Amino acid sequence: MPATTVETPAAARMRNVHIAFGPREVVRGVDLDLVPGRVTALVGESGSGKSLTSLALMGLLPPGATVSAGTVEIEGRDTAGFTDAQWRRLRGAKVAMVFQDPMAALNPSFTVGWQIAETLRRRGTGRRAARERAVELMRTVGIPDAEAKYGAYPHEFSGGMRQRAVIAMALTLDPAVLLADEPTTALDVTVQAQILRLLAARQTDAGMAMLLVSHDLGVVARVAQDVAVMYAGRIVETGALDDVYTAPAHPYTRGLLDAVPDPARPGRLIPIEGQPPAPGGLPAGCAFAPRCPYATKVCGTEDPRLAAVGQGHEAACHHSDKVQAQATDVEAAS
Amino acid sequence: MSTTRTSPDALLHIQDLHAGYTVPGRSGLGRRRVDAVAGVDLTVRPGRTVCIVGESGCGKSTLARSVVGLLEPFAGSVSFAGLDLATAGRRERRRVAHDLQMVFQDPYTSLNPRMRVAEIVAEGWHIHRDVVAPAAHSAEVARLLDQVGLDASYATRRLHELSGGQCQRVSIARALALRPKLIVCDEAVSALDVSVRAQILNLLADLQRELGIAYLFISHDLDVVRHIADEVAVMYLGTIVERGTAAQVFESPRHPYTQALLKAAPSVHDRPGAAKDLPLTGEVPSPSSPPTGCRFRTRCPLAADICASEAPELRVRDGGDHPAACHFAG
Ligand SMILES: Nc1ncnc2c1ncn2[C@@H]1O[C@H](COP(=O)(O)OP(=O)(O)OP(=O)(O)O)[C@@H](O)[C@H]1O
Ligand SMILES: Nc1ncnc2c1ncn2[C@@H]1O[C@H](COP(=O)(O)OP(=O)(O)OP(=O)(O)O)[C@@H](O)[C@H]1O
Ligand code: SF4
Ligand code: SF4
Ligand SMILES: [Mg+2]
Ligand SMILES: [Mg+2]
């Protein structure tokens, strides 16, 4: 895949996006470019704002949450001031989402197949054709006995089948941008591999842009060209996957990679010490400082901003040179 | 499995369990039984970790639900701490109930999203009154939240105001709150970032060492399973197809399904576009009409005639050191 980031205009773009619940800011200035034909992975701390960031790209923030600053653009159009009707026209066709919680996307009182077909019918597809297409989509995502499962209700599906149904639903209208929030966590690795392959094909053949939110660093490694790492509402490191994984420049990224279980190293796992800042209780300076093994005095007073540490590779850390100087376990193992 | 006997030291003992659902008949008339779990034997000893891995839809959650009494089995038995749960009276069941807890695959639907975190964690203490004295409730909630890596200020939040991983940790704290002997963990750490996950897995290991808690741990994450399992059972379409110690299953898998599973596992060394072994192909059969003979035969690269006519037993075969249900698993 050539580095097309420069020439190809982004299908979706965020600039300095802040998301807040009243006075409580949970996303604090995120930049993101989703480019056709590329997969960008968003990984990082649980509770750091990954789901809210993706929901903002769908105009679906939960009640009480607002984009308090910054811009969200879909295919070059600023979405500030979009009406519900304008968002509805975009959703599904331009931007579609695989939600972290599949039950939230499925209506428990209608059959799964009907719900997929309904998306098509609302856009004018005939009854019979919509049904056939729905069954076909269900089969593509690997739902066993798709014909019979068309008429089954969401609660009659296993966790992983629900997740596949939601993926089928998101792909129904061939969206330009797919936001996939933990799309494969409920799937066993063989089905996971099939789904990832399917999504990768959509992305190369149809030029779909994709944001993959995942905690599974292996899944990310398999499909993403670019990675952004989030901590406490900010992207703290971003770059090409290979650079970020093999030469992490932020101590948080480094800690994440070290926390992956390694068969060669049984016994206790190595989590990052300490806890993320309590909501509303951000420390002065770097948000990671209380947990950071590299922290010095400057970290307690000056808030680090993203800065280049390599080609197309940025990190928000005063001491990224020291971090990069230490070989990672991942490197050592390969 | 022919060698299973009621072992007196078993905490959980499952024998020939059949469980599942009744669905409308093919003609739309009557109801027919679908055995999502079709004859499973499993034993968990105190202080041990038994992991279940297997294809999505193979019956893992169904098994978990039957173990904790949320689903009435069709046949077979589940006994916990020596008590046969099917025949036990309500009082007896209740006596053991707090010793047997579950962390659900989907916390949003298994817990009430409008409830506050503190209420969710403390709920069991109102039923099992001798676990924590009422005066100590809020301190104990704070301690449990801290253990799972959540700031005490989350106690007053409602569940729907939390992120996916925060929610999952509340559900873990709730299970730990009753100081159980066995926790059934259904994809209990899948929504956590790897650092928090490491922290929780270390916590579970510490509690196991200190209090002798046993875990029946269901997970798709093979790295995690390999790390924590004393024993691993591999399920396919309602039955266990292979079992052994983590080393046996991961280092010398005998069943073709296990082999395919291990090959498909993602790793941080993968890269996009790199040719990776083809995952299993072929349509997954439905538990309502499983293939004759070996249930894996419709997708098995080694299938032979005998596989269609004879169901392979789960047993150790010549040359093997742990049981697998394949005619050719030597
Ligand atoms: N409806 C809500 N009301 C109040 N706070 C919320 C709400 N939804 C999310 N939050 C808070 O916003 C922060 C970011 O949440 P978000 O769901 O984006 O996290 P995430 O990065 O997706 O985490 P995870 O990996 O655990 O899913 C969290 O601290 C969460 O508690
Ligand atoms: N309420 C129900 N009614 C009918 N069928 C059901 C019901 N719940 C589950 N099933 C079916 O039972 C089978 C086993 O489901 P189960 O949830 O136990 O799978 P699982 O192994 O936990 O899968 P996953 O890894 O995807 O969570 C599936 O074929 C599923 O469709
Ligand atoms: S800026 Fe300082 S505290 Fe923050 S991550 Fe870098 S070294 Fe650590
Ligand atoms: S018994 Fe036959 S079909 Fe079944 S796993 Fe073994 S070789 Fe494959
Ligand atoms: Mg999330
Ligand atoms: Mg399940």
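For the numbers below, each heavy atom of this structure counts, side chains included, while hydrogens, waters and symmetry mates do not. The sequence lines fix the lettering, A, B, ..., with proteins before strands; numbering per chain opens at 1. Because the structure is a prediction, the values reported are computed rather than measured.
- With a 4.5 Å cut-off on non-hydrogen atoms, B:D146 touches chain A through its backbone and its side chain both.
- Of all the listed residues (B:H160, B:Q168, B:H220), the one sharing the greatest number of non-hydrogen pairs under 4.5 Å with chain A is B:H220.
- The part of A:I143 that comes within reach of chain B is its backbone (N, CA, C, O), which places non-hydrogen atoms under 4.5 angstrom from that chain.
- Residue B:S61 does not touch chain A at all, counting heavy-atom pairs closer than 4.5 Å.
- Note on B:S190, B:G149, B:G54: by heavy-atom pairs under 4.5 Å with chain A, the leading option is B:G149.
- Of the atoms belonging to B:S163, it is side-chain heavy atoms, and not backbone ones, that fall under 4.5 Å from chain A.
- For A:E156, no part sits under 4.5 Å from any heavy atom of chain B, backbone or side chain.
- When side chains are defined from C-beta on, B:Y21 does not count as touching A:H155, because their heavy atoms never get closer than 4.5 Å.
- Proximity of A:R268 to B:D206: side-chain heavy atoms (C-beta onward) are separated by under 4.5 Å at one or more points.
- Contacts of A:D181 with chain B are absent, with no heavy-atom separation under 4.5 Å from either backbone or side chain.
- Ranked by heavy-atom pairs under 4.5 Å with chain B, the first of A:G142, A:G274, A:P261 is A:P261.
- No other option in A:G267, A:A65, A:A146, A:S48 has as many heavy-atom pairs under 4.5 Å with chain B as A:G267.
- Residue contact with chain B, scored on non-hydrogen atoms closer than 4.5 Å, involves the side chain of A:Q100 exclusively.
- Both the backbone and the side chain of A:S46 come within less than 4.5 Å of a heavy atom of chain B.
- A heavy-atom distance below 4.5 Å is found between the side chains of A:T190 and B:E55.
- Taking each heavy atom of B:S195 and A:L256 in turn, the nearest pair found is N-CD2, 4.0 Å.
- Ranked by heavy-atom pairs shorter than 4.5 Å toward chain A, the options B:D223, B:L262, B:N202, B:V53 are led by B:N202.
- In this structure, the side chain of A:D188 engages the main chain of B:S56 through a donor-acceptor pair within 3.5 Å.
- For B:F250, no part lies near chain A; criterion is any non-hydrogen pair under 4.5 Å.
- If you tally non-hydrogen atom pairs under 4.5 Å between each of B:I228, B:D151, B:I200, B:L192 and chain A, the highest count goes to B:L192.
- Within the 4.5 angstrom heavy-atom criterion, no atom of A:P62 approaches chain B.
- A:A152 does not touch chain B: none of its heavy atoms, backbone or side chain, sits under 4.5 Å away.
- Top candidate by heavy-atom pairs under 4.5 Å with chain B, chosen from A:L217, A:V43, A:V220, is A:L217.
- Within the 4.5 angstrom heavy-atom criterion, only side-chain atoms of B:Y257, from C-beta onward, approach chain A.
- Only the side chain of B:Q105 comes within less than 4.5 Å of a heavy atom of chain A; its backbone N, CA, C and O stay farther away.
- Listed options A:T184, A:V39, A:T185 were ranked by heavy-atom pairs under 4.5 angstrom with chain B; first place goes to A:T185.
- With respect to chain A, the highest number of heavy-atom pairs below 4.5 Å among B:S153, B:A152, B:A191 belongs to B:A191.
- Across A:G44 and B:D193, no two heavy atoms sit closer than the pair O-CB, 3.4 Å.
- Only the side chain of B:L222 comes within contact range of chain A, judged by heavy atoms closer than 4.5 Å.
- Of the two parts of A:Y252, only the side chain, counted from C-beta on, holds a non-hydrogen atom closer than 4.5 Å to a non-hydrogen atom of chain B.
- Of the listed residues (B:D186, B:T62, B:L150), the one with the most heavy-atom contacts under 4.5 Å to chain A is B:L150.
- Looking at B:D106, only its side chain comes within 4.5 Å of chain A, counting heavy atoms on both sides.
- Each of A:G49, A:S214, A:P271, A:A278 has some count of heavy-atom pairs under 4.5 Å with chain B, and the biggest count is that of A:P271.
- Taking chain B as the reference chain and counting heavy-atom pairs below 4.5 Å, the highest number among A:L241, A:L187, A:V223, A:V26 is found for A:L187.
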